[in-house]
Amino acid sequence: MMQPGATGGVPPQMDQSAPPPQQQQPPQPWMMMPAQAPPLMWNQQAAPPPQQQQQQTQVPSQAPQMAQAPAQYAVAQPQSHDEIRTLWIGDLQYWMEESYLLNCFSQTGEVVSAKVIRNKQSGQSENYGFVEFASRAAAERALQTYNGNLMPSVEQSFRLNWASLGSGERRDDTPDYTIFVGDLASDVTDYMLQETFRGHFTSVKGAKVVTDRMTGRSKGYGFVRFGDESEQLRAMNEMNGMFCSTRPMRIGPATTKKNVGTQQPQQQYSKEQDAKRLSHLRGLELISAEMRSPLVHGLV
DNA sequence: ATTGAGCGT
């Protein structure tokens, strides 16, 4: 379709002679930020190198043959090998190469390598990649700090997660009990959605806001996964109409694309539950205020 | 925008 005819690794609509002035994202009071919250800036003349590298631009963790490592990237050495220190990163644009990823996290000073997964035949990006950090703690910091915040040079936010598959990490094989959440405000991120529910339900495994893959923008709905079916059902009743960010959520059963575990067919809440739910709406202002407070979890 | 798709040589 939209084949970018063998172009380099630069965003097409971006004027590289005049990079956009520092995509400053709001502080995101949702996140319990670590003390040092590095501003995500597109700086340090590490602009996307136009030269195409057919091999991955991984910075060698130990560089015996490369005495001089590219100095524009802050690259760290792995501090341990027995722990997961790699993050999965998704929603990548086709022009986002390893150099872009390295630059994204260079301020942490704890990036070891970055890799964009490409189709073996076509060489096209599969729109996801991996970023390896010096330690699990470093990866966790990056996950907490960057996830959901804006990526440099684009109006889309980081979609990060632990790299779990294929790296020996014990996968969570317990079934997921998922709910559908609609009517989401455009600024709601995975993390915000997750924390909104985690404040009320302990078995929340994660949440995902569905985004347009081209623009990275929210489609206004998402999913929340629970470990306990009882909490899933309770959430459908109790959280419907609750505010996340600036709008009340519309919650419903999630249609399971792949059947996870021995999940029962999602049941719709009954009329009486619906009425009961409406009674909750009276306390909505109160609750929404809580939801919007910086501490979205653990307070109620 | 109202039921996604996202794990590697």
Side-chain angles (χ1 to χ4, degrees), chain A residues 53-61 84-94 96-98 101 112-133 139 143 147-148 151 155-173 176-191 193-194 205-226 232 235-236 239-242 244-260 263 265-269:
Chain A
Q53 48 262 16
Q54 47 197 9
Q55 294 295 348
Q56 71 275 15
T57 318
Q58 297 217 53
V59 178
S61 49
I84 304 301
R85 356 178 278 277
T86 301
L87 297 182
W88 179 93
I89 180 168
D91 286 357
L92 297 181
Q93 303 286 337
Y94 68 92
M96 293 176 176
E97 304 177 338
E98 283 77 3
L101 295 181
V112 174
S113 67
K115 185 181 197 175
V116 172
I117 303 307
R118 293 181 176 84
N119 183 286
K120 207 60 173 186
Q121 283 77 24
S122 64
Q124 287 180 342
S125 170
E126 298 282 358
N127 306 107
Y128 71 91
F130 297 92
V131 181
E132 178 188 9
F133 290 85
L143 182 62
N147 203 12
M151 304 177 79
E155 32 180 281
Q156 77 180 68
S157 49
F158 282 101
R159 193 180 288 273
L160 294 165
N161 211 332
W162 288 106
S164 53
L165 308 179
S167 56
E169 167 115 325
R170 46 164 172 57
R171 239 172 312 174
D172 186 7
D173 53 352
D176 286 347
Y177 300 98
T178 306
I179 64 174
F180 169 87
V181 183
D183 278 356
L184 292 178
S186 58
D187 67 312
V188 173
T189 64
D190 292 355
Y191 189 70
L193 186 60
Q194 165 184 306
K205 287 184 176 180
K208 188 175 71 173
V209 175
V210 177
T211 57
D212 184 292
R213 220 171 63 110
M214 285 298 117
T215 66
R217 278 214 249 249
S218 168
K219 289 187 174 178
Y221 64 90
F223 299 89
V224 182
R225 300 177 355 251
F226 298 84
Q232 172 208 30
M236 294 212 307
M239 297 297 283
N240 195 37
M242 296 269 198
C244 183
S245 183
T246 58
R247 295 177 58 181
M249 299 178 286
R250 171 173 309 188
I251 297 181
T255 62
T256 60
K257 184 160 279 188
K258 59 178 182 184
N259 237 353
V260 189
Q263 192 168 174
Q266 321 274 357
Q267 65 182 34
Q268 195 74 256
Y269 31 77

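Keep in mind the model is a prediction, meaning the values are calculated, not measured. In the text below, chain A, chain B and the rest are named by the order of the sequence lines, each starting its count at 1. No hydrogens, no waters, no symmetry mates; every other heavy atom, side chains included, goes into these values.
- Per the geometry, CZ belonging to A/F158 stands 18 Å off P belonging to B/dG6, to the nearest Å.
- Comparing B/dA1, B/dG6, B/dG4 by their closest approach to the side chain of A/T215 singles out B/dA1.
- Sequence order on DNA chain B of the closest nucleotides to A/G220 and A/R225 puts A/G220 first from the 5' end.
- Heavy atoms of A/Y128 sit under 4.0 angstrom from primed sugar atoms or phosphate atoms, though from no base atom.
- Put simply, CG on A/D190 is 13 Å from P on B/dA5, counting in whole angstrom units.
- In this structure, A/Q93 places its CD atom 16 Å from C1' of B/dG6, rounding to the nearest Å.
- With its glycosidic angle within 90° of 0, B/dG4 adopts the syn conformation.
- Distance A/F180 CZ to B/dG4 P: 9 Å, rounded to the nearest Å.
- With sequence neighbours left out, A/K219 forms a side chain to side chain contact (heavy atoms under 4.5 Å, CB included) with A/V210, A/D212, A/Y221.
- For a distance-only test at 3.5 Å, the side chain of A/K120 fails to qualify as a donor-acceptor partner of the base of B/dT9.
- Closest contact between the side chain of A/R217 and the listed nucleotides B/dG8, B/dT3, B/dA1 involves B/dA1.
- Taking a centre distance below 5.5 Å and an interplanar angle below 30 degrees as the stacking criterion, A/F130 stacks against the six-membered base ring of B/dG8.
- Ring-plane geometry between A/F223 and A/F180 is classed as perpendicular, the angle between the planes exceeding 60 degrees on a 0 to 90 degree scale with a lower cut at 30.
- Between the side chain of A/N147 and the backbone N or O of A/L160, at least one donor-acceptor pair lies under 3.5 Å.
- The residue A/N127 sits apart from the nucleic acid: no heavy atom pair falls under 4.0 Å.
- Between A/D190 and A/R159 a salt bridge is recorded (basic side-chain N to carboxylate O distance below 4.0 Å).
- Whole-Å rounding puts the A/W88 CH2 to B/dC7 C1' distance at 8 Å.
- For A/R217, the CZ atom sits in a loose shell: 12 or fewer heavy atoms of surrounding residues, nucleotides or ligands are nearer than 6.0 Å.
- If you take CZ of A/F223 and C1' of B/dA1, they are 13 Å apart, rounded to a whole angstrom.
- Taking only distance into account, the side chain of A/K208 meets the base of B/dG6 through a donor-acceptor pair shorter than 3.5 Å.
- If you take CZ of A/R159 and P of B/dC7, they are 13 Å apart, rounded to a whole angstrom.
- Set against B/dC7, B/dG6, B/dT9, the side chain of A/A163 has B/dC7 as its closest nucleotide.
- Regarding A/W162, its CH2 atom lies at a distance of 18 Å from the P atom of B/dC7, rounded to whole Å.
- A/S218 comes within 4.0 angstrom of a nucleotide base, judged by non-hydrogen atoms across all strands.
- Across B/dT3, B/dG8, B/dA1, the shortest atom-to-atom separation from the side chain of A/T255 is found for B/dT3.
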